[in-house]
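Just so it is clear, the model here is predicted, and its values are computed rather than measured.
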Amino acid sequence: NNGTAGGSYNTVVLSNGTLIGNIASYIGSGSTNNSVTILTNATWSVAPLGGGAMLVIGTNGAVGNVLTVDGGSVSNMIVNGHNWVGLKVGAVGSVSNRLIIQNGGLVRNVSGLQVGVGSGSHYNSLIGTNGGTFRMAYDGSGFQGKEVLVGSGGAGTVGGNNNSVILTNSVLYVISAVNPSCIGGGSSNNVLTLYNSSWTNGGVGIMIGTNAGGNTAVGNTLSLYGGVITNAGPINVGVSGKASNNQFIVGGSVFGAAGLYVGTTTGAQYNSVIVTNGGGFSMTSGGVLIGSSNNGTAGGSYNTVVLSNG
């Protein structure tokens, strides 16, 4: 129950049943190919509403562990008054762990999201498909909604490569976080894609591609198709000299940006922000730095911003 190593190839399938916990839950710690499936008319409350417990899918070098929410629901990954995060998929060098939400399944009440956190945590994913939805917000009080991290550790520290979050009709909610949300902290080819979804970011900012730990950050992407990001905070794309080909694609609406910074360090090249397909971008404070640092010293080359409806 403290996330130390367990066995492999274990299976739980829940139908027409209820699980209610009050301590941290783990699926795969130092182990492989464990699975939990929550079917229609089944519910799993990781903690009582207002309680404090996180869910971790794959940690300590775990491989191929999966939670499938197939028509059922999983809720209350909420950690009150702590700096811990409610949901982790792939942590501490873990590979190919998955959370799949499908066929009307629902995951809700989550205080913070991390996918592919820590060096070596590759190919982990959170996928909502066929009517599956993910909703971080809940109608309560007193919880810390931590930042959203994909292929990154907290405060832009090192994450893994090739991690994915793809969601439709979902809600991301950040409140009381200290550090920016980040896609690609010292890592490459991480993806966060939102279709017709909303993201309230608490003004903490969004970083896409930064060379945490001295590592390169290449090909990380945030895509918004329909839906909205509000209270975005500073938008940074290609934050350091080893950050290239990172991009923010805006096909929805972004509000409350507090500055737009693209390729702000020498060597930060081919990074881009593209507003397209009727998308809009609204900035209410901060500056605009494209291929330049904030005091006019050298930035990177071949960086691009295309803005419409903003």
Side-chain angles (χ1 to χ4, degrees), residues 83 85 110-117 136-137 144-159 163 165 171-187 190-194 197-213 217 220-224 227-243 246-250 252-265 268 271-275 279-295 299-300 303 305 307 310:
N83 287 324
V85 70
V110 183
S111 61
L113 172 65
Q114 297 181 351
V115 179
V117 59
M136 289 178 70
Q144 288 191 349
K146 292 280 286 179
E147 62 270 18
V148 174
L149 301 175
V150 183
S152 176
T157 55
V158 174
N163 298 286
V165 175
V171 176
L172 302 181
Y173 188 76
V174 176
I175 187 171
S176 301
V178 175
N179 300 307
S181 296
C182 184
I183 300 97
S187 57
N190 297 287
V191 172
L192 172 55
T193 302
L194 300 174
S197 298
S198 67
W199 180 1
T200 298
N201 194 48
V204 296
I206 300 172
M207 300 172 65
I208 307 166
T210 177
N211 74 333
N220 300 288
T221 302
L222 168 60
S223 300
L224 177 69
V228 60
I229 298 175
T230 59
N231 204 8
I235 304 295
N236 288 271
V237 183
V239 180
S240 55
K242 294 184 178 181
N246 302 286
Q247 61 179 331
F248 184 14
I249 300 171
V250 183
S253 298
V254 175
F255 294 102
L260 178 61
Y261 311 109
V262 181
T264 53
T265 306
N271 302 286
S272 61
V273 175
I274 308 295
V275 181
F281 188 95
S282 175
M283 189 179 98
T284 56
S285 63
V288 175
L289 299 173
I290 314 300
S292 174
S293 72
N294 62 4
N295 60 359
N303 298 286
V305 172
L307 183 66

In Å, rounded to the nearest 0.5 Å, how long is the span from [atom1] of [X] to [atom2] of [Y]?
X	Y	atom1	atom2	value
Gln247	Leu222	CD	CG	9.5 Å
Ile274	Ile249	CD1	CD1	8.0 Å
Asn163	Asn190	CG	CG	5.0 Å
Leu194	Ser223	CG	OG	8.5 Å
Thr264	Leu289	OG1	CG	7.0 Å
Ile208	Ser152	CD1	OG	12.0 Å

Original post:
Can you list the residues that meet the side chain to side chain contact (heavy atoms under 4.5 Å, CB included) rule with Val165, with sequence neighbours excluded?
Top reply: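 Val165: side chain to side chain contact (heavy atoms under 4.5 Å, CB included) contacts with Val115, Leu126, Val150, Leu167, Leu192.
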
Subject >> Contacts of Asn303 that satisfy side chain to side chain contact (heavy atoms under 4.5 Å, CB included) - sequence neighbours left out >> reply: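 Partners of Asn303 under the side chain to side chain contact (heavy atoms under 4.5 Å, CB included) test: Val262, Asn271, Ile290.
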
Show the nearest heavy-atom pair for residues [X] and [Y], with the distance to one decimal.
X	Y	value
Met283	Val288	CE-CG2, 3.7 Å
Ser240	Thr210	OG-C, 3.7 Å
Ala257	Phe281	CB-CZ, 3.7 Å
Gly203	Pro234	O-CD, 4.0 Å
Lys242	Asn211	CB-CB, 3.7 Å
Ala212	Gly185	CB-C, 3.8 Å

Could you tell me whether a side-chain N or O of [X] sits under 3.5 Å from a main-chain N or O of [Y], the two making a donor and an acceptor?
X	Y	result
Asn201	Ala232	yes
Ser181	Val148	yes
Asn246	Val237	no
Ser187	Gly151	yes

Subject >> Sequence-distant partners of Thr284, side-chain hydrogen bond (donor to acceptor under 3.5 Å, both in side chains), two or more places apart >> reply: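 None.
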
Can you tell if the side chain of [X] reaches within under 4.5 Å of the side chain of [Y], non-hydrogen atoms only?
X	Y	result
Val85	Leu149	no
Leu224	Trp199	no
Val239	Tyr261	no
Phe248	Ile229	yes

